[in-house]
Every structure is written in C-alpha cells, then in structure tokens.
**Student:** 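Take this structure, written in structure tokens, and hold onto it; I'll ask about it next.
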Amino acid sequence: MWQSLALPQSQLCLSAVLKNGQSFRWMVVGASSTEYHFCLRDRVVCLKQDPTTLFYRTILPDPQPSALHLPLRDAETLIWLNDYFQLDVDLQKLYSQWATRDKVFSSIETRFAGIRMLRQDPFENLISFICSSNNNIGRITKMVQSLCRHYSPCLLSLPDPVDPLIQVQYHPFPPPSVLAAPEVEATLRDLGFGYRAKYIQRTAKMLIDAHGSGDLAEKFLTNLRNATTDDAREELLKFVGVGRKVADCVLLMSLDKKDVVPVDTHVHQIAIKHYGLKGSLSSKTNMTPKLYEEINAKLTAVWGDYAGWAHSVLFTSDLKAFSSQGVVATEIALPTPPPTPSPLKRKARAAEVESDAITVLPLTERAKRRRAA
DNA sequence: GAGGGACCGTCG
DNA sequence: GACGGTCCCT
C-alpha cells in the first residue's frame, strides 16, 4: 500500500511546506503519525514522512483497478510527486548558498529546513490567491475547501481516521468552465467570499472567453511557464482581482519563476526588520508600485537566482504558526529607523450603488491603463 | 501618476 | 480595528 522514497527532511519538510500558505487544499489527517491528503482530478495522494523517508500512497475512486494496474498508478503518483515538489532541485545546496550570501538566512536555516516551493496547478493557484487579499491562511483554506465542495463532484470518500463513522469527502479543484457561470458570484457571496466572489467568477469567465473552453483555458495558463516573467505577469494582471502581489505569487508558485519575490505587508516588515529597508515597523504604510519594486529588487539582490524560494523560508519562519520554535526577529540586531506612529484615519462610508455593465470593453481599458503605469 | 478610501468577513 | 490586496476615483 504505502510506497517509499528516500528523502531527508532537509530536502522536504511536509508540515511546513504544505501548511505555509502556498497551497490551501492539503488535509491534515491523524493525530499521532500525521498524514497529508490531496485530491487530484483522478486520485487522492496520501503522504507521510520520517527523518529519512517520504511515504506515499495512491487512492483511486470506486471501481478499483485490478492489482496488476496498481504499480502503474503508484508510478504515476511518483511522477507527480517529483514534479509537484520539484525534487530535482537540491534544496540543501540552495540553503548553503543563501546562508553564504545572507547572515539573516544563516541564523534560521537549521530550524527551518526543508522548505521548498511547490509547483502547483496554475488555475488553482490563481483562484486561491485571488481569495488571499486582506485575508489569512485559516480563512483562505476554508474558502478554497468550500469552493471545491460546491463546484466539483466528490471523487471519493474515506472514513475519518479519528472518527471512522464520519466519511471525509474528497473534491478536486473545479475547472474554469464551472466557475465562469454567472450564478457563481452570488453563490460565492453566500458562502462568505465577500467582494472576492465577483473576482473569481469574472476571472474564470475571462479565461474561457479569451482562451477557449475545454482545457484550453488551463493550458493557456500552464503555457505561461514558457513565457518570460514580464510577459507572464502582464497576462496575469489582466484578470480581475489580480494585482502585482497575487500575480507574483502565481509566477513563483506555479509558473516556474523561481526568482520572483512577492511583496506583501509581511515581507515588507521582514525587509524593514532585517534588510535595512526604510520604513516603519509599527505603522502601516501604503504599498506603492515604487516601494514594491524597491523591496523586490533588494531581496532579489540578496538571494539571487532562487530568491522566491528563499523568501518562502523567511516567510515561513516568521509565520505565527511556526513562531513557537523561535523567530528571527529577536536575534538579529539591525539599525532600525525610529517608529513614526501615524494612526490611520477612517472615514464614514458612503452608500454605493452602481456596478459596471459588461466585461470585455472595460477590461481592455483597464489593461491599457495598467500597461501604461 | 500618486494617494487614499472602500470592500467582505473573522477574530481580536 | 487589523488582516498574505485590489479597484477605482480623485
């Protein structure tokens, strides 16, 4: 049943990599020997690991194939694992390179080993990160789960290992054609997606309209792997609800742009605390395109070719969920600019009425403006 | 073309 | 009252 693959945790740490906000669809199963489950289009992949070995298991939907075919299925799963975890990239080697270039990195590398970039499905990645604006990992995870439950059929179900009377349902990520339906916006709003509901439906619609139905739309996104970073980013920015940060996340996490460093408020803080960037730790400053570029350039210069991967290690080390193991913040003393407390003033909100008419033309205008900027 | 506010919902 | 941002309008 379980297959094994020799792989030290310095190359891959499942608990960190699967829960640090790259993917929101891995289910954590079991209390003692923790397993992670992930639903693909045709199967569920189960993983667990010990210090030297990664174990994997393939679960297929009901009409189980004959025993003859099982090795083939496991072989397919292994191919998927190699691709998804990018196991051909030697993470230890990267860690030592980053540590040489960067003292901050070298101070955390042993405690946060095995953190690598996943190579995700671009559509899933895009939609998930449209959900991420003004949001946190816990809620994003719930939203993505609920998206899958409502918009893709259950592939299979398994008894909950904790309470075997409960069946856990596994749903793949829904395709663009399903999310493009006009009713999706209202439904997602009811499901608690807020203003992101419209972004998701419209992005799916745009994808279908511009690049065709079937799997053409998804193929278009996947093909952006072959485009330059700038070209791919320009395409991503055309979608509604996708700004620079979300676009950069998709570039890094599913389109092979390993040097891209997405800048959010968190990374901004890290850059100020540890990399001598001017700014305030206490007050929230607006993330302007200019500031974004500045931070991006700074961190790319520090970490080099795989800067995006390095960023993920720093980011994870600073996440609350992992902070019990110790955080970088207190250990490195760098000169920091004096805090400039400037409380945000908030204004009473005006009632709002109108929404825009139709998709295609406004999009073109918007795209032009973006390109100009 | 830079700056500021609104936007959903959740949890302090 | 802040939050892994984006849109839209001054």
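When reading the values below, keep in mind they use all heavy atoms of this one structure, side chains included, and skip hydrogens, waters and symmetry mates. A, B, ... follow the sequence lines: proteins, then strands. Residue 1 opens every chain. Just so we're clear, the structure is a prediction, and the values are computed from it rather than from any experiment.
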**Student:** Taking K245(A) first and then D248(A), would you say they form a salt bridge - that is, a charged N and a carboxylate O separated by under 4.0 Å?
**Tutor:**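 Salt bridge: no.
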**Student:** When the P atoms of dC7(C) and dT10(B) are compared, how many Å lie between them, rounded to an integer?
**Tutor:**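 Each nucleotide's P atom is 23 Å from the other's.
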**Student:** Under a 4.0 Å N-O cut-off, is there an ion pair linking E76(A) with R73(A)?
**Tutor:**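 Salt bridge present between E76(A) and R73(A).
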**Student:** Distance criterion of 3.5 Å, no angle test: do you see the side chain of Y195(A) paired donor-to-acceptor with the base of dG5(C)?
**Tutor:**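 Result: at least one qualifying N/O pair found.
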**Student:** For the P atoms, the ones on dG4(C) and on dG3(B), what distance do you get once it is rounded to whole angstrom?
**Tutor:**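 Here dG4(C) and dG3(B) have their P atoms 23 Å from each other.
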**Student:** Give the ring-plane orientation class for W80(A) versus F85(A), where under 30° counts as parallel, over 60° as perpendicular and anything between as tilted.
**Tutor:**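 Aromatic pair W80(A)/F85(A) classed perpendicular.
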**Student:** Can you tell which of dC8(B), dT6(C), dC11(B) lies closest to the side chain of K245(A)?
**Tutor:**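 The answer is dT6(C).
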**Student:** Going by a 90° cut-off around 0, is dG4(C) syn or anti?
**Tutor:**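 In terms of base orientation relative to the sugar, dG4(C) is syn.
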**Student:** Rounded to whole Å, please give me the gap between CG in L191(A) and P in dT10(B).
**Tutor:**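 To the nearest whole Å, that distance equals 12 Å.
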**Student:** Can a side chain N or O of S133(A) be found less than 4.0 Å away from OP1 or OP2 on dG4(C)?
**Tutor:**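 S133(A) to dG4(C) OP1/OP2: no side-chain N or O under 4.0 Å.
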**Student:** Please determine, for dC8(B), whether a Watson-Crick or G-U wobble partner exists with both distances under 3.5 Å, and give it or none.
**Tutor:**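 Partner of dC8(B): none found under 3.5 Å.
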**Student:** Going by the angle between their ring planes, with limits at 30° and 60°, are Y84(A) and W26(A) parallel, tilted or perpendicular?
**Tutor:**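 The rings of Y84(A) and W26(A) sit tilted, inter-plane angle from 30° to 60°.
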**Student:** Of all the nucleotides listed (dT6(C), dG3(B), dT10(B)), which has the minimum atom distance to the side chain of R139(A)?
**Tutor:**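 The closest nucleotide is dT10(B).
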**Student:** Whole angstrom is fine here: how far is it from CG in D264(A) over to P in dG4(C)?
**Tutor:**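 Answer to the nearest Å: 7 Å.
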**Student:** Measuring to OP1 and OP2 of dC7(B), would you say a side-chain N or O of R196(A) lies under 4.0 angstrom away?
**Tutor:**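 No, because none of the side-chain N or O atoms of R196(A) sits under 4.0 Å from OP1 or OP2 of dC7(B).
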**Student:** Of the candidate nucleotides dC3(C), dC11(B), dC7(C), which contains the atom at the shortest distance from the side chain of Y199(A)?
**Tutor:**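 Given the options dC3(C), dC11(B), dC7(C), the side chain of Y199(A) is closest to dC7(C).
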